[in-house]
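Because only heavy atoms are used, hydrogens play no part in the values below, and waters and symmetry mates are left out as well, while side chains stay in. Every number for a ligand or one of its atoms is a count from 1 in the order of the listing. Because the structure is a prediction, the values reported are computed rather than measured.
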Amino acid sequence: MADVTDTAAVTGQPDDGRASELGARLRAVQARVAAAAAAAARPEPTLIVVTKYFPASDVRILAELGVADVGENRDQEAAAKAAELQELALRWHFIGQLQTNKAKSVVRYASSVHSVDRAPLVTSLAKAMTAERDARDAAGSPPRNDLACYLQFTLEAGAQPGGRGGALPEEAEELAERVVAAEGLRLAGVMAVAPRGAPPAVAFDHLMRIAHRVRAVEPAATAVSAGMSGDLEEAVAAGATHLRIGSDVLGQRPAVG
Ligand SMILES: *Cc1c(COP(=O)(O)O)cnc(C)c1O
């Protein structure tokens, strides 16, 4: 068996430095996750490596290092990478703001959407899933699983209904019921980003209370997608089942324009 510390052996390519850098960063994050889970006496969450803004070649290296779950937040970029890396059997998680007119594209490659935050998006995703399944049937392609949907909530104090970046906590039951009733969708659980300038532990505890209410609607909706590079320890302590880690694995992203 190849020694996984030898990235040249894993990638089968001359080591250009990037593979060893990503390997070292990935192992450091995995060690933090393991330590946080042990400290909290919780099972280790699934690590989703957020590869937005980084090239498909980086995603390929990560796959060779054993990463199975990747996160992206822009449809155009994600669709191109997923097409290029089709043979790798990665699970693509869509984690960004999603316009309803992109639903059709997203369901072609994504196994999950972590940013389901309003009723019209539920409708569009369900319609897109029906169309996608019909298209696969017609082409004789293998069927696809239900799309795993995470309800995204804003934990900002004073957030307004219909704002960007998540539903209001009081919308939890209604949105959960809509996803449960929708064809082609599976309610996986909840998702949030901790607001800036407030302790993440408080935000994640709030998210866990919302998760509890969502589970009252759908007992199978046990997933909690929380925790980024800067707050993964707090998220694990609160009970996150899925972490979305970008910069601590890939390095600093180019500045967003
Ligand atoms: C970019 C992004 C992440 C990853 O953030 P890092 O701080 O780079 O780990 C996680 N979740 C969402 C929704 C993101 O957009």
Side-chain angles (χ1 to χ4, degrees), residues 21-22 24-36 44-56 58-59 61-62 65 67-79 81-82 90-99 102 106 110-118 121 148-156 159 163-167 188-201 203-204 206-207 210-211 223-257:
E21 183 192 350
L22 289 179
R25 285 178 163 277
L26 177 66
R27 283 191 298 276
V29 167
Q30 287 167 334
R32 276 172 67 195
V33 174
E44 266 191 48
T46 299
L47 176 61
I48 299 169
V49 179
V50 178
T51 49
K52 63 189 185 193
Y53 304 112
F54 288 94
D58 279 357
V59 185
I61 292 170
L62 290 165
L65 291 165
V67 169
D69 293 273
V70 293
E72 289 281 337
N73 73 339
R74 293 187 300 189
D75 171 57
Q76 217 181 355
E77 181 183 340
K81 286 182 200 167
L90 287 160
R91 278 187 296 269
W92 296 86
H93 299 260
F94 193 86
I95 63 169
Q97 290 276 343
L98 183 53
Q99 291 170 268
K102 299 282 168 62
V106 166
S111 67
S112 77
V113 173
H114 290 234
S115 44
V116 177
D117 60 358
R118 60 201 190 280
L121 182 56
C149 292
Y150 293 70
L151 301 179
Q152 182 180 358
F153 293 96
T154 177
L155 303 175
E156 304 275 353
R164 310 214 105 209
V190 299
M191 180 275 217
V193 173
R196 284 167 199 253
F204 295 143
H206 188 185
L207 180 63
I210 300 169
V224 178
S225 169
M228 303 173 31
S229 293
D231 55 24
L232 77 83
E233 282 81 5
E234 289 89 344
V236 172
T241 63
H242 292 71
L243 303 170
R244 307 177 313 272
I245 311 294
S247 45
D248 277 2
V249 173
L250 285 128
Q252 217 186 338
R253 283 184 289 278
V256 187

If the cut-off is 4.0 Å to any non-hydrogen atom of I245, which atoms of ligand 1 fall inside it?
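Reading through ligand 1 atom by atom, the close ones are 9 (O).
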Students often mix this up, so state it plainly: with edges at 30° and 60°, are the rings of Y150 and H114 parallel, tilted or perpendicular?
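Taking H114 first and then Y150, their aromatic rings lie parallel (interplane angle under 30°).
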With heavy atoms under 4.0 Å as the rule, classify the contact between R253 and ligand 1 as side chain, backbone, both or neither.
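The part of R253 near ligand 1 is the side chain, not the backbone.
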Can you pull out the closest protein heavy atom to [atom]? Residue, atom name and distance to 0.1 Å, please.
atom                    : result
atom 9 (O) of ligand 1  : S229 OG, 2.5 Å
atom 12 (C) of ligand 1 : I95 CD1, 3.5 Å
atom 2 (C) of ligand 1  : K52 NZ, 2.6 Å
atom 5 (O) of ligand 1  : M228 CE, 3.4 Å

I need the [X] [atom1] to [Y] [atom2] distance, nearest 0.5 Å.
X    : Y    : atom1 : atom2 : answer
L243 : E44  : CG    : CD    : 9.5 Å
L155 : I210 : CG    : CD1   : 5.5 Å
S247 : Y53  : OG    : OH    : 12.0 Å

Only one of L26, V50, L232 passes side-chain contact (heavy atoms from CB on, under 4.5 Å) with I245; say which it is.
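Only match with I245 under side-chain contact (heavy atoms from CB on, under 4.5 Å): L232.
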Have a look at Q152, R74, R244 and point out the one with the heavy atom closest to atom 10 (C) of ligand 1.
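Of the listed residues, R244 has the closest heavy atom.
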Sub-3.5 Å N/O-N/O distance, N73 and ligand 1
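Checking ligand 1 against N73, no N or O pair falls under 3.5 Å apart.
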Should D248 be listed as contacting ligand 1, given a heavy-atom distance under 4.0 Å as the test?
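Contact check D248 vs ligand 1: negative.
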For I48 versus V70, what's the shortest heavy-atom pair and its separation?
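Scanning both residues, the minimum pair turns out to be CG2-C, 3.6 Å.
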Answer yes if the ring centres of F153 and H206 are under 6.0 angstrom apart, and no otherwise.
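No: the rings miss the under 6.0 Å criterion.
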